Amino acid sequence: MKKFPRGLPLAALTASTCLLAALLTTGCGPSAETPRPPKAGAVKIGFLVKQPDEPWFQLEWKFAEKAAQAMPFSLVKIGATDGEKALTAIDNLAAGGAQGLVICTPDTKLGPAIVAKAKAAKLKLISVDDRFVGADGQPMTGVHYLGISARKIGESVGQTLASEMKRRGWTAADTALCAITFDELATAKERTDGASTVLTAAGLPKERIFRAPMRTADIPGAFDAANNLLTQQPDVKHWLVCGSNDNAVLGAVRALEGRGVAVENAVAIGINGTDCIVELEKTKATSFYGSMLLSAKEHGYKTSEMLYRWIKDGVEPPLETRTIGTLITRENFRQVLKEQGVRD
Ligand code: FCA
């Protein structure tokens, strides 16, 4: 056990711990600036993410840091889990002299407010992953955006599930799909819709497609959603599982285990490929079969580089950039993650 000096007030202790942490790592608060000597005319960019605890977003930051070192520019990493935090962070960023922001917003409906703030502060803006939604409920196509080809990637999940079903000799009568949905977010809806459509086309009857909506987009939210569905459908023998990302699918896998569904009676496929590495590394296989690995490098490095060039050289990036996914399984994940620079 670490001993702290007696009599030191807690506030002082916390402050000094923060200072030490700030010196050693990236900082104590939700935002952290890569240390570098300030230079006149230097470029400063913020990179705000909605779920800083998710490995996906940590990897985006890691690749943004690489861009910051290569260009170079100074990078401010901001974790903002709700709208209020996000808007305050933009004010602080502008006050701190930044010229641009890459953002995966905690709420896509904040789009118009974020655009207004960025405009007022003359911040150039690129949205990543989750596209802003306007007051009319439509995607804000006038805001620069880099995101995944969500429907296509969802369709690949569906195709892989369909071929696994066939390979295992499961019939449509004893198989069903558990789709962990989060329809509030367009990119999430496109993913699960894509998978469901392909499975219907592959012969799984519509009434064997079960949607389990998540209340929160995390593992506990997915666990609860799947658990409710499994309680309602105790007679399904074989389960196919899809969801908007790895955490959605991992929550369902834990729920299947909790209800005693054998590993060989379920096949689950995630999306991200970055939040399921521990799962794939387990010595004993679970029903988490694989994941569509997305390119954290494109989403972290490329967005930052585009923003930097826009600020520095006036080169405006394309309004829309879409990225693809690659299937990883227990067989190939180590090699693919290495090739993509996710793992050493
Ligand atoms: C959304 C999801 C993330 C990731 C990203 C590309 O923001 O919440 O997990 O899949 O899209």
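Computed from a predicted model, the values in this text were never measured in an experiment. Each ligand, and each atom within it, is numbered from 1 in the order the structure gives.
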Evaluation steps, side chain to side chain donor-acceptor pair (under 3.5 Å), between Gln69 and Glu65: CA-CA 6 Å; Gln69 276 151 18; Glu65 267 166 359; 5.8 Å; no
Shortest protein heavy-atom distance from atom 10 (O) of ligand 1, along with the residue and atom involved: Asn272 OD1, 2.6 Å
Candidate with minimal heavy-atom separation from atom 11 (O) of ligand 1, of His299, Glu60, Arg191: Arg191
Identity and separation of the nearest protein heavy atom to atom 7 (O) of ligand 1: Asp130 OD1, 2.7 Å
Separation between NZ of Lys62 and OG1 of Thr274, rounded to the nearest 0.5 Å: 11.0 Å
Co-membership, hydrophobic cluster, residues Ile180 and Val267, 4.5 Å side-chain: no
Glu84 atom CD: more than 12 heavy-atom contacts under 6.0 Å: no
Nearest option to atom 8 (O) of ligand 1, as decided by whichever heavy atom of Met292, Lys50, Glu54 sits closest: Lys50
